[in-house]
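First up is the structure itself, then whatever we jot down about it.
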Amino acid sequence: MASDGRKQPPWRPPKAQPDAQLPRLKVDNSLTRSKDDFVPVDPTGKVVTWYACGPTVYEDAHLGHAKNYVSTDILRRIMKDYFGFRVKFVMNTTDIDDKIILQGRQQYLLAHFKQEHAAEDDSVSDSVLAEVRAAFQHYIGKNLPSLPSDTAAEAFSEAVGKVYKEKADPPLADAATAQQGQAVTVADLLLRAHIGTARLAAEALQAPGKLPEFFAKTDDILRPYLDALHGAEMDSNNHKIYLELSQKFERRFFEDMDALNVLPLDQLTRVTEYVPKIVGFVEKIVANGFGYATPDGSVYFDIDSFEKAGHSYSRLEPWNKNDRALQADGEGSLSRGKSMKRSENHFALWKASKPGEPAWPSPWGRGRPGWHIECSAMASEVLGKTIDIHSGGVDLRFPHHDNELALSEAYWSTPGCQVQWTNYFIHMGQLRIRGLKMSKSLKNYTTIRTVLSEKEWSARSLRICFLLMPWQDGIEVTDEFMKAVVGWEGKLNNFFLKSLDISKHSSPETTTTDDLSIADHQLLSSLAKAKDDVDTALCDSFNTSAVMRILSDLVTESNSAEALSSQTVILLARWVTRIVTIFGLDPEGDLSNQDRIGWSGLDIPAPAKPYVYPTSQLRDKVRTVACSGSVDHTAIAKFADGVAVAASAPVVESSKPYDHVLQQFRADIKALAALQAPAKELLALCDQLRDVHLWNLGIYLEDRISPQPALVRPLDKLLIEVRKERESASIARAKAKLEQEAREAEKERELREGAKVDPLLMFRASGEYSEWGENGIPTVDAAGNVVSKNRRKKLVKYWEKQKKRHEEWLLTQRAA
């Protein structure tokens, strides 16, 4: 409530025309912290405007970015391809901010330093060593203040071990915190990153080697040192230094998005291209009474005046309104220190550029935009005074989106008429490691291109990972969760492969309803229910995790049904294909092709086809004859001679591995046929072709019940995981068998050794007894108590067994 008693009007959806056909869609709205009916601003209910906060482009995007932007892409696709909205999707890239300024400036100074100190023989000069030693001291003083300021490189490891103990060795520290049930903190990760950087530099200073290797180990300490010395000398008009950096990583970001099958933007906005518009935006906020300039040339947003006018500040996360740490983080690293703003919680709209920072002209002097004003100005310029959807990562809610919201309302509202700038804020959950979000500054991330290049994940498996969890929830990637991803993808791969095979061999004639079996009717009924359930789930704030379960259950039911008609299987496969295409799981997906089944990657490579299919057909024939009970070796030899290869000669380079497998298999089959080899050897050769030669080429032959031929398919992670588990189980069984044999051998050895003991003496050495009978059986224990009758019975039995074993041992000795 404002000081004059006025309240900000409550959130309300816009009104569509009475004849507008809107879905029953509800959206999880961060603005109201509830699920609200989705009604676009467009009165016809057709067009949806959407602004997404894009990346700050100064390094390669990591998996945390993938979670945000792939999740956003999934929701956008559902809006467009399932609900039929025309989505105008706008995203920005922040191509100038504190991080880019620091990174660009430091990289420029480092490159200049290297150029100045280049040597023909790549040797490390004394002047370079001196500068790097000074940089080492500077880095320690700033980032490891608990160490003595004069710690030399030679003494670094010992000093760190004393001061930081287990923190000096991240693996040990991780184990320690895990044992104590403690989470690894941000401070822990930052400290380990600083220790690692300094340790690498210390190693280089002790053994410099050649310049390229030396700089590779010392770049991270040299950059901040050179910036501290010379950063303030940079020309504020030379924007090229920073734009070269941001343009490079913007290009790489969109390459990553393309690799992840993220749809292209409808419009991209860049901060540096909107500076005049941003200046105008700030001017109007000041004119409206919600901003003020300070003598140093900066402009700040006046939260107090904003609230007095009846507006609410921090509507997304009101509980963080007075969080100084989050507010400081939102102002940027270059804004730390004393400022001239009127209140601690006011934030910068325009920053007066300090020496060495890029600057643009403004009515308040040369400076640059504050972070939050950028998106407010760009989104308002492109999409107008009211936006349907504004999205970003959950970590942007406060202060970034809360500040954006306040700035835009301050810009668009007039006395007595308050504007609702964004109707639906949606925030994507984070990808977390040990409870912490992925972050470039924490160095706890893996880049998208690294993951995709190493084939640890594919674009599809990453998207499945995000689809399996609600988009607004965080994801903690564990081995169990990855198994679920692999299992879901593998199940759909199998379903599509078999459906494609059925479609390939089915007749074009349609089956009437009367011809369908009970199993067909049951599955078609389940399909109709699944369609309704999917619609309900997607209307429930894009509940993709529920849809993924529905698809999985439907495929399971189809797999377990018997005697299904081709028509039913094909109908089911086409619908499942449509849903996974809407979700973006097929980069080659085409929703206009209603006959399409499956997704890309289900076929073997084109260079393999002319050789692998004939190889598989030959193998099918050999297996049929070998399993018939009477092996016709003459027929098998003819099969091998009759293999036809539909390929041009000579064999192209990419086809040679497959041709080699075919020729070797033919030769081996002919050799076994000539030797009249038994069926067992023929079948073993067929298994070797499947499990070794073709497997090593990424192809698998899935044997089916005769007379069906083997299904030729590419390897996927599920097949690989199943084989690994089978091999692991086999190794475990073999190990267990060896251990059991060892235990039995040891037991046998102990029995043999024990058999040497004379039964007359066996109880005398234990110290438990003091008197014995003539045969050596105890009568009195060590305490002087007579051995009880019950105890004596047990001792007699034991004595008799020993007597028998001893006599057997004596016989073996005599025989020897």
Side-chain angles (χ1 to χ4, degrees), residues 27 30 40-41 47-81 85-97 99-100 243 246-275 277-278 281 369 371-384 386-397 400-401 403-405 407-408 421-430 448 459 463 466 471-472 542 584:
V27 173
S30 298
V41 174
V47 179
V48 172
T49 55
W50 188 330
Y51 182 83
C53 275
T56 301
V57 281
Y58 67 99
E59 282 185 352
D60 279 330
H62 53 63
L63 287 183
H65 294 113
K67 169 65 175 74
N68 181 11
Y69 297 111
V70 171
S71 294
T72 302
D73 183 70
I74 290 166
L75 270 55
R76 179 185 172 195
R77 286 172 178 272
I78 293 169
M79 291 285 281
K80 179 174 70 75
D81 295 328
F85 290 111
R86 293 202 303 273
V87 180
K88 183 175 182 181
F89 190 83
V90 180
M91 191 177 83
N92 77 298
T93 58
T94 299
D95 60 348
I96 195 72
D97 84 333
K99 295 185 181 73
I100 293 172
L243 293 181
S246 59
Q247 287 167 3
K248 170 188 173 181
F249 285 107
E250 180 188 288
R251 183 184 70 253
R252 288 170 69 85
F253 170 80
F254 285 111
E255 288 171 357
D256 290 340
M257 293 302 102
D258 186 58
L260 292 174
N261 196 32
V262 170
L263 292 170
L265 310 177
D266 293 317
Q267 187 167 342
L268 173 67
T269 63
R270 299 181 181 93
V271 174
T272 56
E273 295 172 0
Y274 279 78
V275 173
K277 296 289 184 183
I278 293 169
F281 205 86
W371 177 28
H372 317 295
I373 195 74
E374 299 166 354
C375 288
S376 297
M378 292 187 293
S380 294
E381 174 68 21
V382 175
L383 297 174
T386 306
I387 301 168
D388 288 313
I389 299 173
H390 192 331
S391 65
V394 69
D395 55 323
L396 294 182
R397 283 199 298 227
H400 186 51
H401 285 170
N403 287 356
E404 273 188 55
L405 189 59
L407 293 174
S408 300
W421 179 57
T422 293
N423 284 327
Y424 305 88
F425 270 97
I426 58 178
H427 291 99
M428 312 302 157
Q430 295 173 332
I448 293 168
R463 191 170 284 250
F466 305 148
W471 53 269
Q472 64 271 46
F542 317 103

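The basis for the numbers below is simple: all heavy atoms, side chains too, and nothing from hydrogens, waters or symmetry mates. Since we're looking at a predicted model, the values are computed, not measured.
Using a cut-off of 4.0 Å between Lys/Arg side-chain N and Asp/Glu carboxylate O, Lys88 and Asp266 are scored as not salt-bridged. A salt bridge does not link Arg252 to Asp256: none of the charged nitrogens lies less than 4.0 Å from a carboxylate oxygen.
A distance of 9.5 Å separates CD1 in Ile389 from CZ in Phe89, rounded to the nearest 0.5 Å. The distance from atom CD of Glu255 to atom CD of Glu250, rounded to the nearest 0.5 Å, is 11.0 Å. Rounded to the nearest 0.5 angstrom, Leu243 CG and Ile96 CD1 are separated by 6.0 Å. Atom NE2 of residue His401 and atom CG of residue Leu396 lie 4.5 Å apart, to the nearest 0.5 angstrom. Atoms OG1 and CD1, on Thr72 and Ile426 in that order, are 6.5 Å from each other to the nearest 0.5 Å. Within the model, atoms CG of Asn403 and OG of Ser408 stand 10.5 Å from one another, a figure rounded to the nearest 0.5 Å.
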Q) What do the steps show when you test Asn423 against Thr386 for side chain to side chain contact (heavy atoms under 4.5 Å, CB included), and what is the final call? A) CA-CA 8 Å; Asn423 284 327; Thr386 306; 3.8 Å; yes

Q | Working for side chain to side chain contact (heavy atoms under 4.5 Å, CB included), residues Val90 and Leu383 | A | CA-CA 8 Å; Val90 180; Leu383 297 174; 3.9 Å; yes

Q: Please assess Phe253 against Tyr69 for the test ring pair (Phe, Tyr, Trp, His ring centres under 6.0 Å), listing each intermediate value before the final yes or no.
A: CA-CA 11 Å; Phe253 170 80; Tyr69 297 111; 5.3 Å; yes

Q. Step by step, would you call Met378 with Tyr51 a side chain to side chain contact (heavy atoms under 4.5 Å, CB included)?
A. CA-CA 9 Å; Met378 292 187 293; Tyr51 182 83; 3.9 Å; yes

Q) Yes or no on side chain to side chain contact (heavy atoms under 4.5 Å, CB included) for Val27 and Met79, after CA distance, side-chain angles and deciding distance? A) CA-CA 11 Å; Val27 173; Met79 291 285 281; 5.8 Å; no

Q: Check the pair Thr94 / Trp371 against side chain to side chain donor-acceptor pair (under 3.5 Å), numbers first and verdict last.
A: CA-CA 9 Å; Thr94 299; Trp371 177 28; 4.7 Å; no

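Residues Met428 and Val70 form no side-chain contact, since every pair of their non-hydrogen atoms from C-beta on lies 4.5 Å or further apart. Between Pro55 and Phe249 there is no side-chain heavy-atom pair separated by less than 4.5 Å. Side-chain contact between His65 and Leu260 is absent, with no heavy atoms from C-beta onward closer than 4.5 Å. With a 4.5 Å cut-off on side-chain heavy atoms, Met257 and Asp73 do not count as touching.
The residue from Leu268, Val262, Thr269 that alone fulfils the side-chain contact (heavy atoms from CB on, under 4.5 Å) condition with Leu265 is Leu268.
For the pair Ala377 and Ile278, the tightest heavy-atom approach, listed with the atom from each and the gap, is CB-CG1, 3.7 Å. The two residues Asn92 and Gly54 make their nearest non-hydrogen contact at OD1-N, 2.7 Å. In terms of heavy atoms, Cys53 sits closest to His400 at SG-NE2, 3.6 Å. For the residue pair Ala52 and Met91, the shortest heavy atom distance occurs at O-CG, 3.1 Å. Shortest non-hydrogen contact noted between His427 and Gly393 is CD2-O, 3.4 Å. Summarising the geometry of Thr422 relative to Leu405, their closest heavy-atom pair is N-CD1, 4.4 Å, with the distance given to 0.1 Å.
Ring-plane geometry between Phe542 and Trp471 is classed as perpendicular, the angle between the planes exceeding 60 degrees on a 0 to 90 degree scale with a lower cut at 30.
Panel note: side chain Arg76, backbone Trp50; no donor-acceptor pair is recorded below 3.5 Å. With hydrogens and angles ignored, the 3.5 Å screen pairs a side-chain donor or acceptor of Lys67 with a backbone N or O of Gly429. Listed for the His372 side chain is no donor-acceptor partner under 3.5 Å among the backbone atoms of Glu404. In this structure a side-chain-to-backbone donor-acceptor pair under 3.5 Å is missing from Asp95 to Val57.
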